[in-house]
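Single-structure report; data block below.
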Amino acid sequence: MIEPHAHFAYAPRGAGLLCALFWFEKEDHVYGWFTGAQAHEHPACFFMLEHYYSTRQTVCYRSLEDDVYGDWLIASTEGEAPIDRPVPVPMELCHELERIQDAFAREWLFFEGAPGYDGQAAALQARELPVLAMNIRPCKLGRLVMGGPVWTYSSPGADSHIVRFLSKRWPLDYAPD
């Protein structure tokens with residue numbers, strides 16, 4: 001079973017959840033999923049960092065939407081370009097990405113209109129924290145390093161360079177220090 005790494009960024013006095021991200025390594029590649037704030041929207045995408053842990057140039061692929069089987073782009077610091085081939089992720093890993101994404105979202109996030117939303121939202125409001133269409137579960141806030149305008153969490157052993165690498169290529173507003 002694959003054990004992913006995770007990173008979260010949360011603005012308690014503003015946009016709320018800035019970034020929720022998980023990833024895992026397989027051979028010299030990195031696979032994962034992210035969501036977060038972009039203005040008042042919350043895009044979500046799967047990604048692959050091809051050859052991240054090698055001497056070859058890393059290619060960053062991301063799904064156009066929150067669909068591992070849909071269209072994908074190459075995302076670089078200069079912009080994005082569609083790819084004219086099937087999904088760059090091996091099919092068995094597509095299934096694993098979906099499974100992990102579902103478990104990750106159920107464990108860490110709650111969404112407007114979902115069962116239990118009102119109780120979760122009330123718990124955030126009681127702490128005078130923002131409640132938006134997508135939120136971190138109140139029971140997970142204690143895992144974040146609080147202090148400063150952005151609270152963060154990274155799982156033990158997580159490679160912070162991956163977050164920085166992605167932040168230069170994703171559509172989210174969040175960029176780590």
Side-chain angles (χ1 to χ4, degrees), residues 2-68 70-83 87-89 93 97-98 100-101 104-105 107-109 111 129-130 132-137 140-141 143-177:
I2 294 173
E3 198 58 40
H5 296 288
H7 178 81
F8 292 87
Y10 181 78
R13 301 291 174 244
L17 187 63
L18 298 172
C19 169
L21 159 71
F22 78 79
W23 72 90
F24 60 88
E25 300 92 17
K26 183 137 176 95
E27 297 168 4
D28 65 343
H29 312 303
V30 177
Y31 303 90
W33 178 83
F34 63 79
T35 189
Q38 178 190 36
H40 296 290
E41 297 181 7
H42 296 93
C45 302
F46 291 91
F47 69 89
M48 174 188 181
L49 304 180
E50 186 177 50
H51 305 300
Y52 185 79
Y53 290 110
S54 78
T55 57
R56 297 172 65 181
Q57 181 176 358
T58 300
V59 178
C60 178
Y61 297 99
R62 76 166 181 87
S63 61
L64 183 59
E65 297 179 359
D66 192 15
D67 179 4
V68 74
D71 294 331
W72 284 66
L73 308 164
I74 291 178
S76 72
T77 56
E78 287 82 39
E80 299 174 333
I83 60 172
V87 174
V89 177
L93 290 182
L97 279 166
E98 280 190 313
I100 294 170
Q101 186 254 5
F104 178 80
E107 179 181 351
W108 284 91
L109 308 174
F111 302 88
L129 297 172
L132 303 164
M134 180 182 63
N135 305 277
I136 191 166
R137 291 188 179 277
K140 293 295 187 179
L141 290 171
R143 309 257 330 250
L144 303 177
V145 176
M146 299 176 185
V150 177
W151 300 350
T152 60
Y153 167 80
S154 288
S155 55
D159 182 349
S160 63
H161 294 96
I162 290 174
V163 179
R164 285 189 202 90
F165 186 90
L166 283 169
S167 73
K168 294 175 182 164
R169 293 158 179 82
W170 63 21
L172 306 181
D173 294 334
Y174 173 67
D177 295 336

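Computed from a predicted model, the values in this text were never measured in an experiment.
At least one side-chain heavy atom of Y52 sits under 4.5 Å from a side-chain heavy atom of D159. Counting only heavy atoms from C-beta outward, the side chains of Y31 and V68 never approach each other to under 4.5 Å. Within the 4.5 Å cutoff, the side chain of C45 has no heavy atoms near those of the Y61 side chain. Within the 4.5 Å cutoff, the side chain of S167 has no heavy atoms near those of the L172 side chain. At least one side-chain heavy atom of V59 sits under 4.5 Å from a side-chain heavy atom of I74. Between R143 and W108 there is a side-chain heavy-atom pair separated by less than 4.5 Å. Looking at L141 and L129, their side chains come closer than 4.5 Å, going by heavy atoms from C-beta outward.
Scanning both residues, S154 and A158, for their nearest heavy atoms gives CB-CB, 4.3 Å. Taking every heavy atom of both residues into account, A20 and L109 meet most closely at CB-CD2, 4.2 Å. Listed here is the closest heavy atom pair of P12 and P149: CD-O, 3.3 Å. Here the closest non-hydrogen pair linking P176 and R164 is CG-CG, 3.8 Å. When all heavy atoms of P88 and I83 are compared, the closest pair comes out as CD-CD1, 3.9 Å. When all heavy atoms are compared, the tightest approach of V150 to A9 is CG1-CB, 3.9 Å.
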### Task
Please report the C-alpha distance between H5 and E25 in whole Å, then the side-chain angles of each, then the deciding distance to 0.1 Å, and finally whether the side chain to side chain contact (heavy atoms under 4.5 Å, CB included) criterion is met.
CA-CA 9 Å; H5 296 288; E25 300 92 17; 3.6 Å; yes
### From CA spacing to verdict: side chain to side chain contact (heavy atoms under 4.5 Å, CB included), F22, I2
CA-CA 11 Å; F22 78 79; I2 294 173; over 6 Å; no
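In this structure, K140 NZ and F8 CZ are separated by 8.0 Å, a value rounded to the nearest 0.5 Å. In this structure, OG on S63 lies 7.0 Å from CZ on F34, to the nearest 0.5 angstrom. Distance check: L18 CG to D173 CG gives 8.0 Å after rounding to the nearest 0.5 Å. Rounding to the nearest 0.5 angstrom, the gap separating the CZ atom in F165 from the OG1 atom in T77 is 8.5 Å. Atoms CG and NE2, on L166 and H161 in that order, are 13.0 Å from each other to the nearest 0.5 Å. To the nearest 0.5 Å, the span separating NE2 on H7 from OH on Y174 amounts to 3.0 Å.
Q38 places a side-chain N or O within 3.5 Å of a backbone atom of P171 that can act as its donor or acceptor partner. Checked by atom type and distance alone, the side chain of T35 pairs as donor or acceptor with a backbone atom of P43 at under 3.5 Å. Between the side chain of R62 and the backbone N or O of F46, no donor-acceptor pair lies under 3.5 Å.
Within 6.0 Å of the CD atom in E65, the count of heavy atoms belonging to other residues, nucleotides or ligands does not exceed 12. Atom CD of E41 has 12 or fewer heavy atoms from other residues, nucleotides or ligands within 6.0 Å. Counting heavy atoms of neighbouring residues, nucleotides and ligands inside a 6.0 Å radius, atom CZ of R13 exceeds 12 of them.
Aromatic ring pairs are classed by plane angle as parallel below 30°, tilted from 30° to 60° and perpendicular above 60°; the pair W33 and F104 is perpendicular.
When each of L49, I100, V163 is paired with W23, the side-chain contact (heavy atoms from CB on, under 4.5 Å) condition holds for V163 and for no other. Exactly one of E98, K26, M48, H29 qualifies for a side-chain contact (heavy atoms from CB on, under 4.5 Å) with L93. That residue is K26.
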